[in-house]
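A quick write-up on the structure given underneath.
If you're wondering where the values come from, they're calculated on a predicted model, not measured in any experiment. FYI, side chains are in, hydrogens and waters are out, and symmetry mates aren't considered; it's all heavy atoms of this structure.
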Amino acid sequence: QVQLVESGGGLVQPGGSLRLSCAASGSILHIGTMAWYRQAPGKQRELVAAVTSGGDTNYADSVKGRFTISRDNAKNTVYLQMNSLKPADTAVYYCNAIVQPTAEWVHRDYWGQGTQVTVSS
């Protein structure tokens, strides 16, 4: 059983910062790409940022220069540092990871439960 547990969401004023964390646990053989998605009310879920197992990253245009994704492979954890936050960043943020469970030959897609980020004065 593989689980992704997120933390770090909350309420912040415009221009502020937050750091999200997502730790993968369970019977894990390998973790591939880890990513953060977000979903605002009435909108589709969108990719915010992703990082491969080798450290390559990509970002949505709307967050480039403000958000930084990183990972600690020893801790099976991915982070999202969010700076210069805007009200438009308000959403539920979901962690995603492509994981090969122990004793399986394939990678599977796993999701966290989501954490609310609200940017408001």
Side-chain angles (χ1 to χ4, degrees):
Q1 188 81 6
V2 175
Q3 288 188 319
L4 302 181
V5 178
E6 299 132 337
S7 60
L11 173 64
V12 63
Q13 292 188 341
S17 297
L18 281 175
R19 188 191 194 210
L20 305 183
S21 299
C22 171
S25 63
S27 301
I28 296 171
L29 187 60
H30 177 260
I31 302 178
T33 297
M34 303 183 82
W36 288 96
Y37 287 74
R38 67 186 181 187
Q39 187 166 19
K43 295 188 177 181
Q44 289 189 330
R45 190 173 297 189
E46 63 174 356
L47 176 67
V48 176
V51 56
T52 68
S53 57
D56 293 328
T57 59
N58 70 284
Y59 297 90
D61 288 343
S62 59
V63 306
K64 282 181 181 176
R66 300 188 298 122
F67 290 11
T68 302
I69 190 170
S70 61
R71 64 190 284 171
D72 184 333
N73 290 330
K75 296 181 179 179
N76 289 340
T77 299
V78 63
Y79 306 95
L80 185 68
Q81 178 66 44
M82 305 185 293
N83 299 328
S84 303
L85 282 160
K86 306 174 181 179
D89 295 317
T90 296
V92 178
Y93 284 70
Y94 296 92
C95 174
N96 171 263
I98 310 301
V99 178
Q100 182 180 4
T102 304
E104 293 197 31
W105 294 102
V106 296
H107 284 72
R108 299 186 185 279
D109 202 13
Y110 291 88
W111 291 89
Q113 79 283 0
T115 185
Q116 177 70 46
V117 171
T118 302
V119 184
S120 175
S121 55

Heavy-atom closest contact (A97 atom, L4 atom, distance) | N-CD1, 3.7 Å

Closest contact, heavy atoms only, Y94 versus G112 =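 Looking at all heavy atoms of both residues, the shortest contact is CD2-O, 3.8 Å.
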
Rounded distance (nearest 0.5 Å) linking atom [atom1] of [X] with atom [atom2] of [Y]:
{"X": "C95", "Y": "M34", "atom1": "SG", "atom2": "CE", "value": "5.0 Å"}
{"X": "S62", "Y": "K86", "atom1": "OG", "atom2": "NZ", "value": "8.0 Å"}
{"X": "L29", "Y": "H107", "atom1": "CG", "atom2": "NE2", "value": "7.5 Å"}

Yes or no on side-chain contact (heavy atoms from CB on, under 4.5 Å) for V92 and Q116, after CA distance, side-chain angles and deciding distance?
-> CA-CA 4 Å; V92 178; Q116 177 70 46; 3.2 Å; yes

Could you list the residues that satisfy side-chain hydrogen bond (donor to acceptor under 3.5 Å, both in side chains) with [X], not counting sequence neighbours?
{"X": "N76", "answer": "none"}
{"X": "D56", "answer": "none"}
{"X": "Q3", "answer": "none"}
{"X": "Q100", "answer": "none"}

Go through the structure and list residues passing side chain to side chain contact (heavy atoms under 4.5 Å, CB included) with [X], not counting sequence neighbours.
{"X": "S17", "value": "Q81, N83"}
{"X": "S120", "value": "L11, T118"}
{"X": "V117", "value": "L18, L20, M82, Y93, V119"}
{"X": "A49", "value": "Y59, I69, L80"}

In the hydrophobic clustering (ILVMFWY, side-chain contacts below 4.5 Å, transitive), which residues join V5, or is it alone?
-> none

With sequence neighbours excluded, what pairs up with R19 under the salt bridge (charged side-chain N to carboxylate O under 4.0 Å, His left out) test?
-> none

Verify, without hydrogens or angle tests, whether [X] (side chain) and [Y] (backbone) share a donor-acceptor contact under 3.5 angstrom.
{"X": "N96", "Y": "Y110", "result": "yes"}
{"X": "T90", "Y": "A88", "result": "no"}
{"X": "Q39", "Y": "A91", "result": "no"}

Side-chain polar contacts of residues 41-48 - donor-acceptor pairs under 3.5 angstrom, sequence neighbours left out - could you list them?
{"unit_1": "E46", "atom_1": "OE2", "unit_2": "R38", "atom_2": "NE", "d": "2.7"}
{"unit_1": "E46", "atom_1": "OE2", "unit_2": "R38", "atom_2": "NH2", "d": "3.3"}

Test of ring centre spacing under 6.0 Å for Y37 and W111 | yes

With a 4.5 Å limit on heavy-atom distance, are the side chains of P101 and S27 in contact?
->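 They are not in side-chain contact.
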
Shared ILVMFWY cluster between V78 and I98, side chains joined below 4.5 angstrom?
->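 No, separate clusters.
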
Steps toward side-chain contact (heavy atoms from CB on, under 4.5 Å) verdict (E6, W36) = CA-CA 10 Å; E6 299 132 337; W36 288 96; 4.0 Å; yes

Mind jotting down which residue pairs meet the side chain to side chain donor-acceptor pair (under 3.5 Å) criterion with at least one end in residues 63-74? Sequence neighbours excluded, please.
->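 Pairs touching residues 63-74 that pass the test: D61-K64, R66-D89, R71-N73.
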
